[in-house]
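The structure appears below as structure tokens.
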Protein chains: 2
Amino acid sequence: MPRRVDTEQQRTDIAHAVWRLAARAGLEAVSLREVAAEAGVSMGRVQHYFRTKEEMLLHGLRLALGRMEDRISGRLRHRSSADAEDVLRSALEEMVGGDQDTRQAIRVCVAFYPRALEDPHVADLLFGDDDVLHALAADVVRAAQADHRAAPELDPDQEARVLWSVVNHLGTEVAFHRLPPDQARATLRYHLDRVLGPRPDTAPA
Amino acid sequence: MPRRVDTEQQRTDIAHAVWRLAARAGLEAVSLREVAAEAGVSMGRVQHYFRTKEEMLLHGLRLALGRMEDRISGRLRHRSSADAEDVLRSALEEMVGGDQDTRQAIRVCVAFYPRALEDPHVADLLFGDDDVLHALAADVVRAAQADHRAAPELDPDQEARVLWSVVNHLGTEVAFHRLPPDQARATLRYHLDRVLGPRPDTAPA
DNA sequence: GTTCTTACGATGCGATCGCATTGCCACGGG
DNA sequence: CCCGTGGCAATGCGATCGCATCGTAAGAAC
């Protein structure tokens, strides 16, 4: 086996170019030639690492999603201990945060939305984590109720859905420059405080 | 002036084909030839009514948005009198409703999102009405507070932003088959009742 | 009827698309 | 040392893209 190269790094570099193009101007802007130019490599190289355009696009999407998850868990690693609410708040703050990577990742996701209609593989990637986030949010509401912080008449499932919607849409508005990040964060915190009661301070982030 | 034809109708027919294609598979699926085929007309006809593809796309988007507005005001015409809350609720219920046209219109809007980043004309069309909706929602919250239905400590502006996010994202989830319409409506009503207090019955829709 | 203008259908052009093919070149194993 | 294979760059192909051009059929105006 001669002439070995860091294959995974090359794939990631190219996928990153896909990601930037898609975030900048949608999937229409993503062609093999454009990706090659953006990544500063030849078109042959792109084709060497991805047999089809579809495969390349999917890898780009995976990269974007993976980056977001990494940044969320990165937020948690700065804490000594994390309960469910910490995890939830970290995820939410990350999504509405002004982080450039996250914004771009969200735009990439939106760009893939139409594809999710006809391609279940894309749909899985895009929406695969929604259920666990929903369950987590509902659990946090229940926990707050048990602590007598949240009103007992709240429906945890509905509140989870509302919260998920708020975060998703605020994140999208930030990503598309329709809302400044700090305003989005303010709205998110306002809503969380109204639902869960103000955060009992266990060392703020 | 010879050979007159219902020009506006022709334009609308073609724009409707644009709309269906974009709703089905995103802007990538919209080419002059595809539009002509979908509309059942020749490509020459399409070019006769729209000098550029861009112009055609914009007209398609305008059509989609206009249809939604028409359906919202259609809901209001069935009522004897409409106060601000009626208007708001009509708009919101329409957006999360299962209406096939509305779903498609929302998908078209999402398909245009990436373009809004670089084309301010598209951005105006897509987001031009957001401010009035936001103001309306905030007013309704204030009115509910004046009626002692909503809690006085609510921040009407923040609640309006939360509400707008909830509706937008629920509508998107319905449009992309990620949530059944009645569940979205249930969540919307749950949230409205929590914020405004239950609707005092002035003849339900 | 002639004329003029609108309303197209048909066709062609250059660019770009995704993809397949070809071949060189750098290395590691024998 | 030299084969052989992995890692590319280069090029070509057929399809499709948006758009421009050209021809013509169908009516109003006279």
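Note that the structure is predicted; figures quoted are calculated from it, not measured. Just the heavy atoms: all of them, side chains too, but no hydrogens, waters or symmetry mates, feed the values below.
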Residues in ring-ring contact (aromatic ring centres under 6.0 Å, His included) contact with H48(B), at least two apart in sequence or another chain: none
R51(B): salt bridge (Lys or Arg N to Asp or Glu O under 4.0 Å) partners, not counting sequence neighbours: E55(B)
Whole-Å gap separating P (dA10(D)) and CZ (R45(A)): 12 Å
Residues that R20(B) engages under salt bridge (Lys or Arg N to Asp or Glu O under 4.0 Å), provided they are two or more places apart: E38(B)
Non-neighbouring partners of T7(B) that pass side-chain contact (heavy atoms from CB on, under 4.5 Å), sequence neighbours left out: R4(B), R11(B), Y49(B)
Gap between atoms CE and C1', on M43(A) and dA10(D) respectively (whole Å): 10 Å
Ring geometry between F50(B) and H59(B) (parallel below 30°, tilted from 30 to 60°, perpendicular above 60°): tilted
Interface with DNA chain D, restricted to residues 11-28 of chain A and to heavy atoms under 4.0 Å: none
Proximity to DNA chain D (any heavy atom under 4.0 Å), residues of residues 29-38 of chain B only: V30(B), S31(B), L32(B), R33(B)
Partners meeting side-chain contact (heavy atoms from CB on, under 4.5 Å) with D129(B) (sequence neighbours left out): E69(B)
Show me the donor-acceptor pairs, under 3.5 Å and distance only, between side chains in residues 117-125 of chain A and residues at least two apart or in other chains.
from: D119(A); atom 1: OD1; to: H121(A); atom 2: N; distance (Å): 2.8
from: D119(A); atom 1: OD1; to: V122(A); atom 2: N; distance (Å): 3.4

Derivation and outcome, salt bridge (Lys or Arg N to Asp or Glu O under 4.0 Å), residues E34(A) and R24(A): CA-CA 12 Å; E34(A) 277 293 320; R24(A) 193 180 309 148; over 6 Å; no
Length of the line joining Q9(B):CD and dC8(C):C1', which is rounded to integer Å: 17 Å
H48(B) vs dC8(C): side-chain N/O to OP1/OP2 distance below 4.0 Å: no
Residue pairs involving residues 173-193 of chain A (criterion side-chain hydrogen bond (donor to acceptor under 3.5 Å, both in side chains); sequence neighbours excluded): E93(A)-R189(A), R178(A)-D130(B), T187(A)-Q158(B), T187(A)-R161(B), Y190(A)-E159(B)
side-chain contact (heavy atoms from CB on, under 4.5 Å) partners of A184(B), counting only residues at least two apart: V96(B), L170(B), V174(B), L179(B)
Phosphate OP1/OP2 of dT21(D): any Q47(B) side-chain N/O under 4.0 Å: no
side-chain contact (heavy atoms from CB on, under 4.5 Å) against A138(B), all qualifying residues, sequence neighbours excluded: R142(B), P156(B), D157(B), A160(B)
Stretch residues 49-62 of chain B: residues that reach within less than 4.0 Å of DNA chain D through a heavy atom: T52(B), K53(B)
Selected nucleotide, minimal atom distance to Q10(B) side chain, candidates dC8(C), dC8(D), dC19(C): dC8(C)
